[in-house]
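Written below as structure tokens is the structure these notes are about.
Chain identifiers are assigned alphabetically (A, B, ...) following the order of the sequence lines, protein sequences preceding nucleic acid strands; residue numbering begins at 1 within each chain.
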Protein chains: 2
Amino acid sequence: MSLFDFHLDAVDRDTAARAATFVTAHGSVRTPVFMPVGTRATVKGVTPAQLREIDAQIVLANTYHLFLRPGSEIVSEAGGLHSFMGWDRPILTDSGGFQVFSLADTVKLHDGGVEFRSIIDGAKHFWTPEDNMAVQQALGADIAMVLDVCPPYPAEESVVAEAVRRSAEWAARCKAAHTREDQALFGIVQGGVFDHLRRESVARTVEVGFPGYGIGGYSVGEPHELMLESLEPVAAALPTDRPRYLMGVGNPTTMLRAIALGVDMFDCVLPTRTARTGTAFSSTGRMNLRNAKYARDFGPLDPSCGCPTCTTCSRAYLRHLVTVKEMLGSTLLSIHNLHFLIDLAGKARESVLAGTYGAFLSAWMDGPGADDY
Amino acid sequence: MSLFDFHLDAVDRDTAARAATFVTAHGSVRTPVFMPVGTRATVKGVTPAQLREIDAQIVLANTYHLFLRPGSEIVSEAGGLHSFMGWDRPILTDSGGFQVFSLADTVKLHDGGVEFRSIIDGAKHFWTPEDNMAVQQALGADIAMVLDVCPPYPAEESVVAEAVRRSAEWAARCKAAHTREDQALFGIVQGGVFDHLRRESVARTVEVGFPGYGIGGYSVGEPHELMLESLEPVAAALPTDRPRYLMGVGNPTTMLRAIALGVDMFDCVLPTRTARTGTAFSSTGRMNLRNAKYARDFGPLDPSCGCPTCTTCSRAYLRHLVTVKEMLGSTLLSIHNLHFLIDLAGKARESVLAGTYGAFLSAWMDGPGADDY
């Protein structure tokens, strides 16, 4: 297979779920896949060796944060993100657009680009789509994302319509400016929860043409049923021979239902963020390790889990670490939570390959973790 | 070899340095040895698997902290500290005496025992030597320490004299109360920087008789030359056929010079504590990774080091993590710093076995790390 080839290994009979392989310069990614988020070129508290141990195939890094610190020049001088962070498997960078629009205090947006202030020191920055491509090419991930315009939720239809139009124009400019041949550039579909705007965004982005498509603007506060309802026609309208990446989504149930709609790739800060508050995903739903009921519970965190945390630590020990605010608690729960989602995506892939994804999803939806959206 | 046997593998020709093997129920400890500190049943930010990777032979845990949280009953119900923290190599617990005297707001001391308040919730606690033995036997480390009285530095001679007398009496009571056959109980020598009190403390503690001896009351603020001067006759007076453990000391140069005086075991929070401030030990002295000069330094942290951090991370990456306050920076620097001291003690052992410790120490003292006391 050639670079950026997307091979459909299997398509489910009962749902739109797919199992596929996407080729990058740092190895192939087998989908469906959950991608741990390494915001500042580190998955918080987890070493690259620990990520390999839980079979992380690809990690995500945030262009906005790395642009501010240490700066894309330093990462580039280090030989790119892989060399800088010591991770030799695939990496994806977002464009930073989401952070610009959600984190920055003052944003000035026009057709030319976006002006924003640093959350670190208030310094003024200006990105054209071309500037953003230069930054992401300097970072050197295997997959880069176009700079898009992310409206908040809820937003007026006219605001979302303008974001769709501008995102499509910027997508074309990003594609024209992107020259790095060992890096795939993915387009991004916007449109909020307006069906016709989503359809328009799909049509305009696909018209530009990319080796993969992000689906943005979800998981920004809308009810999950509304999101899934809106997502279905979007996923269906995207080309079948390209990977589909639902950006920023990683709750177990949302992920499994989106896979059934034909989505291939997922990322979310949830597994590491909730770990730092003492919360664990499990086959029987979320567990809050601060709960006193675990103080004398010497069984494994999740008896059905084979991760390094569950095979070496008891609930009582994890509760102790969380209670006394020891950083090892965050690390051990992060490893478990990441493994949980990576493994869940892997099991989804296995059942697609076996032609049983419908049954797999039904079993999950009948189980105790079903309400974990 | 039987349990708690101490075998002298070699004695240096030019110094009092020794290489020895001490047998515990969880395997043998080869000395000289540096023991990472796992205060609350965790070496901060470092997993047991990572500790094995850097060849940590034995870790220390703090009775005071574990007594307060989660409580020794819970650790005992878990099957003891090894099972609780997932560490199957040797463990040593201190008595908690040092913390009682240095951390507690109000301490009431008399011959019967010591009353103190919890730093967590202010609750009042009372320990007799017998109580303390019960706690340490419940924790179930391979080596326990007697409850001693730790005077501050500087202290009046009369205060230190009383601490020596009381510590000796408590040592005898601890020995009488200690029944766990798979756990060695070490005595502790006190006496501050008063030579005659140190000699008295050695004589009285050895008279009680223990399978090993802690040397306490140093590294509490006294100048290091004064400490080393005072330490020499203490180490020389202790039995040659028992391990000697210099409590709370772990600077590279102090460790190497104490080894030359015949000390076998060391522990210190320094490697992990300094790591959390962005500081690394190295063969060329301490490095402050917050320093801007490392921003574009893409070489390894310590080129002569083979630890997991130095073989995978650049100074620029570590500086980035430290600068943006990512917890992975603390973890990676902790791994390096612990490896540095473990490896340094291991090299000391190798040179004692080779009969070249004098030359090894001279080379260190002529090198750029010599001022790291």
Return the [atom1] to [atom2] distance between [X] and [Y], rounded to the nearest 0.5 Å.
X        : Y        : atom1 : atom2 : value
A/Arg69  : B/Lys325 : CZ    : NZ    : 7.5 Å
B/Glu77  : A/Ser314 : CD    : OG    : 11.5 Å
A/Leu328 : B/Met85  : CG    : CE    : 9.0 Å

Could you look at [X] and say if it's the side chain, the backbone, both or neither that has a heavy atom under 4.5 Å from chain A?
X        : value
B/Leu66  : side chain
B/Leu332 : side chain
B/Thr312 : backbone
B/Glu326 : side chain
B/Leu321 : side chain
B/Val46  : backbone

ask   = Parallel under 30°, tilted from 30 to 60°, perpendicular over 60°: which one fits the rings of A/Phe84 and B/His320?
value = tilted

note = Cut-off 4.5 Å, heavy atoms of chain B, and the answer for A/Ala295 is both

inquiry  = Counting only non-hydrogen atoms closer than 4.5 Å, does A/Thr42 touch chain B with its backbone (N, CA, C, O), its side chain (CB onward), both, or neither?
reply    = both

ask   = If every non-hydrogen atom of A/Thr47 is compared with every non-hydrogen atom of B/Gln50, which pair is closest and at what distance?
value =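 Closest approach of A/Thr47 to B/Gln50, heavy atoms only: CG2-NE2, 3.6 Å.
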
request  = Identify the two heavy atoms, one from A/Ser330 and one from B/Met327, that lie closest to each other, and give their separation to 0.1 Å.
outcome  =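 The pair with the smallest heavy-atom distance is CB-CE, 3.8 Å.
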
query = Hey, does B/Val324 have a side-chain heavy atom less than 4.5 Å from the side chain of A/His65?
reply = no

query = Looking at B/Ser83, B/Pro70, B/Pro308, B/Ala41, which has the largest count of heavy-atom pairs under 4.5 Å with chain A?
reply = B/Pro70

inquiry  = Below 4.5 Å, heavy-atom pairs only: which of B/Ile74, B/Val75, B/Ile120, B/Leu68 has the largest tally toward chain A?
reply    =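 Ranked by heavy-atom pairs under 4.5 Å with chain A, first place is B/Ile74.
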
A/Arg273, CZ: over 12 other non-hydrogen atoms inside 6.0 angstrom =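 Check fails, neighbour count at 12 or below.
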
